[in-house]
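Step one of this worksheet: look at the structure below.
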Amino acid sequence: MIRIEDLSVAFDGPEVVKNVSLEIRDGEILGVVGESGCGKSVTALTLMGLVAESARVTSGRIYFDDTLLLEAGRPRDKALYRRFQGDEMSMVFQEPMTSLNPTQRAGKQVDEVLRLHTRLDAAERRKKVLETFEAVGLKDAETVYASYPHQLSGGMRQRVMIAMAVILHPRLLVADEPTTALDVTVQNQIVSLLQKINRQQNNAMLFITHDLNLARRLCQRIAVMKDGCVVEQGETEQIFRHPEQDYTRRLLEAVPSRMKRRKSPYVPAEEQALSDPVVQVRDLSVYYQDGGNSLFGKKRRHCVVKDVNFEIYPGESLGLVGESGCGKTTLSRAVLGINRDIEGQVLHSTLRPQMIFQDPYSSLNPARTVGWQLQEPLRAQGATAVGGAMTRADMEAAACDMLRRVGMDERYFYRRPAQLSGGQRQRVSIAQALITHPGFIIADEPVSALDVTIQAQIMELMQRLRREMKLSFLFISHDINVVYQMCDRIMVMKEGRIIETGETEEIFDSPKEEYTKELLASARNNVQ
Amino acid sequence: MKTLSPAKKWNKYFTAGLVMTGAAVFLGLLGLFWTPYSTTAMSAAERFAAPSWRHLFGTDNFGRDIFSRVMQGMGTTIVISTLVVLFSGAAGILLGALTGYFGGVLDEAVMRVTDAVNGFPSILLALVFISILGNGRQNLILSLGIVFVPSYVRIVRGEYLRLRDADYIKRARLMGVGRFRILFVHILPNILPVFGVSVMIGLNNAILAESGMSYLGIGVQAPDASLGNMLSDAQGYLQAAPWYALAPGMVIVWIVLGFSLFSEGIRRRVE
Amino acid sequence: MRYFIKKSITLIMTLFLVSAAAFLAFQIIPGDVVTSILGTEATPEREEQLREELGFNDPPAVRYFNWIADILRGDLGVSYRYSKNMNEMMPVSELIGDKLPVTLWLAALSLVLITAVSVPLGVLWARSKSHFLDALLGVTTQAAMAVPAFFLGILVTYIFGIVLKFFAPGGYVSYKEDFRGFLGYLMFPALSVAIPKIAMTARFLRNSLLTEMNADYVRTAYGKGCTGRRVVYGHVLRNAMIPVITFLGMIVAEIVAGSIVIEQVFGLPGIGRLLISSVSTRDLPVVEILILYITFVVIFVYFLIDILYRAIDPRISEK
């Protein structure tokens, strides 16, 4: 039905999509997978006629049935495209918040599709929109119709986007990372919804994702992209079982998965039990104030984290999983002593626990060099040290040493964060956290913002350092597979409470709580 | 540092702005020490001489050379405006950093005051301060300086508020870095680009405000030349000697345009 | 409703703060008002009598509250400088009376001009694909922003008044006699105030539109099959106006300031000239009342803009 032949697209510089050929058949789901910057989104946007004006199609053509939609060297026929867009083919985007107009009611935005492509009158249109809302699982359709996007939850917004895309039963639905911005349980619901739509309306789907597990679950065929090229395509199971290309194999290996051998615990359990815990948390509850705005609002004290108990032993890695807003971050801040409004006890045996954050781009000070930032913890320590500060040369040597330990070298000493890649920045962040030998680290989604191959490298690095430096981790993540790889024990958190704790294998093999099972469901369909 | 491509380094805005600003600053500063003719010598014989090679911009109602007076006025304006910006910029950084980072009662108080002041036309506020402090150059600088403080506080505070919760600042706190070191060693370098642009805009506003005040007769007083008071004198002779008004007016436009092109050019370089 | 009460309370509180600040500020002024009013006629007895009359012998706090109470009763005090006749002092209310509408009309007219011209101009600019128009508007607005209002006023006087003779410089028509003639004369000062601000606002709107055109929801709208025109007018413009309204709010104070300076250029009998002469002669009661007036006007306009802002952006009213 859709044929993309030899498509190449370039912006100002080199081509970002190179000689891509894809076919999508009626009713099938084609997955396009690859790491960020591989050109998968640009391909989809070009197909939809939504790519930026500055993009040039340098070769190839795109057919929708027998209609030639696009050809290299010819300007985009916008009028032709408009007939197809929204009617025959439509798209669902990653960020449902920004993809909806913030100042227009949800209903009106969906209604616009009907106004553009049908001759229905206002009442008929309204009826159809409400029907579609219900069909995509929006229960209170009337309320949603009159709501602005900010009044809806992330999952609801994405349902509105899907309603907008499927209201006219298009023959092709393009979904660009439609679940990436959502929580795990919501993700599952949206994926099921897309599957249901695919079966009921029998439309074709182009599903773009970085998540190989997800692609395997959903797609009949898969195309793997790298640096603008399709390196391999074929039946899903064929690719996952017998990848032909090196890159595909590496990609599959990098995916954290249940089936892979865990490289954990390096410190035997008996030894752990003998030593005192690095961190002990006793009956911890954390509160925060709200509405404390000047004279008018009344202050309310919310309990965000309630009655939490745990301890972490030297060399142990404790995982903390849960959805966004469940109190993971608040708990970690309380453990670090940043949140002051707490009840209960937090006992540390280490001096200054450090933290590694998710976003490698905001973890380092853009105005300072790598070397400067690595020495800063030493300088800060020196200011309070009893035995006097380290000398300048000592600090520089320590910084270089640490750089080498995280797999970088002195060349990076005088570079600024802007000159580093995401993975390199995360390495520097880790080096900075470890330079004072803190013994205990809180890692808040440290690999979630990274591509899978980089993710695997950083995870390996963290495991290695853990062994070498006898580190303990509190490892926070929403990705159950990553936690599986990294942690000895797991705590599951929901609405401020720890609902289940146990050895990693135990939790995975026999989860007790319903919620834990739900979380694990996304990890069920694994790559290998 | 990142190396800039030549096209980015020498964009049109930057070059044009640099040339215009350079010429204005050079002539203005020179004008404070040397001018082709005396700025006060009157000559009844040469009243309202049209621009010529002898008098580039012509002469005024007292037969004084307008070009010389414009040079001196430019210098006065530039020096006063620079001092105003230095004063208000420094105060803005200090107050903005403290209020933005620490928040609390001080922040609340300073924000209320800046809100009130921002709502009030700046030139009028300066008038009020002048009427309290009295006329004179120092008082002019001080008044304008005070008036412009809130705008810097607002910008600096906003930046500190934004960066206060950046991950790298959170981490610096965890490392045990002292508060003031975080304020001025960790955060400050990151706000300099934004602050630099606002200083440039502030310089323009100061020039406009100073010439406005002098035009109203409240800034620099006769017989000293300033661009504003020359315009005010010239307005009475629009029919007889339009060049008298045109010269100082166009010079103000020149300086302000030069600075804004220059800052636009720098902004493009930084981005 | 709660919002309105809250806003009104803030408004009143700000006015109180400003009045207190103004009152305090003028307490610390060097120089004695009484001696300067009486000038050469000063004798110790006369001075003491005048002090008593003006209430100078009370402590500052009492005087402040008396002053506020008087204002609330409509008594704005008397001028130190102007007198009605030999025996009667000039009430400030009479002095300000017919001057206030002139300034307000001028500021209002300028604001109308700014919005009416800059919005279409900004949209046209953002939508234009011609490099020539883009460069032309870029240079023109950049230059227009550099012209101070009073010099622009002089240029307008020279070009439209002296060369083209569209109006007679200095030939002000009172609004009481001929309202249309008044507005006709006011057009030129309003134009002088408005032109630099038009340039600023148009630039701002253009940038806002161009930023907004890159937003994700624009892609969604194109994905539905919207035309470019429909995307701009149906989706982008409203969102792009949000920061522009904030910006307009920010320049209201500047417009009022510009109006006051421009009165000087065009010889308009507004409060600007009164304020400037009162400042230079230290006619404090007049200055204080004028400050309160101007603050009130500016805050009130902020209030209106805030309401507009809420109407246009549904996200605000939630909080």
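Letters A, B, ... mirror the listed sequences (proteins, then strands); counts begin at 1. Atom set for the values below is all heavy atoms of this structure, side chains included, hydrogens, waters and symmetry mates excluded. Keep in mind that what you see is a predicted model, and the values were worked out from it rather than measured.
- With a 6.0 Å radius and a threshold of 12 heavy atoms from other residues, nucleotides or ligands, A/D12 has its CG atom at or below the threshold.
- In terms of modelled atom types and a separation under 3.5 Å, the side chain of C/H235 and the main chain of A/T103 share no donor-acceptor contact.
- Only the side chain of C/I242 comes within less than 4.5 Å of a heavy atom of chain A; its backbone N, CA, C and O stay farther away.
- Counted within 6.0 Å of CH2 on C/W105, heavy atoms from surrounding residues, nucleotides or ligands total 12 or fewer; the atom is thus considered open.
- Across A/M164, A/Q104, A/E112, A/M48, the residue that shares the most heavy-atom pairs under 4.5 angstrom with chain C is A/E112.
- At a 4.5 Å heavy-atom cutoff, the contact between A/L45 and chain C is made by side-chain atoms alone.
- How far NZ of A/K78 is from OH of C/Y222: 6.5 Å, rounded to the nearest 0.5 Å.
- Side chains of A/M91 and C/T220 form no contact here, defined as non-hydrogen atoms less than 4.5 Å apart.
- Annotation for A/P102 and C/P314: closest pair O-CG, 3.6 Å, computed over non-hydrogen atoms.
- Highest contact tally toward chain C, considering only A/D87, A/V174, A/V113, A/L116, is held by A/L116 [criterion: heavy-atom pairs under 4.5 Å].
- For the pair C/R230/A/R115, a side-chain contact is recorded, criterion being any heavy-atom separation below 4.5 Å from C-beta on.
- Nearest heavy-atom pair, A/N101 versus C/G234, reported as atom, atom and distance to 0.1 Å: ND2-O, 4.4 Å.
- Around atom CZ of C/F300, no more than 12 heavy atoms belonging to other residues, nucleotides or ligands sit under 6.0 Å away.
- In this structure, chain C has heavy atoms under 4.5 Å from both the backbone and the side chain of A/L50.
- Neither the backbone nor the side chain of A/M97 has a heavy atom closer than 4.5 Å to any heavy atom of chain C.
- Annotation: side chain of A/F93 is in contact with side chain of C/R219 (closest heavy-atom distance under 4.5 Å).
- Side-chain atoms of C/K224 come within 3.5 Å of backbone atoms of A/Q109 as a donor-acceptor pair (strictly under, hydrogens ignored).
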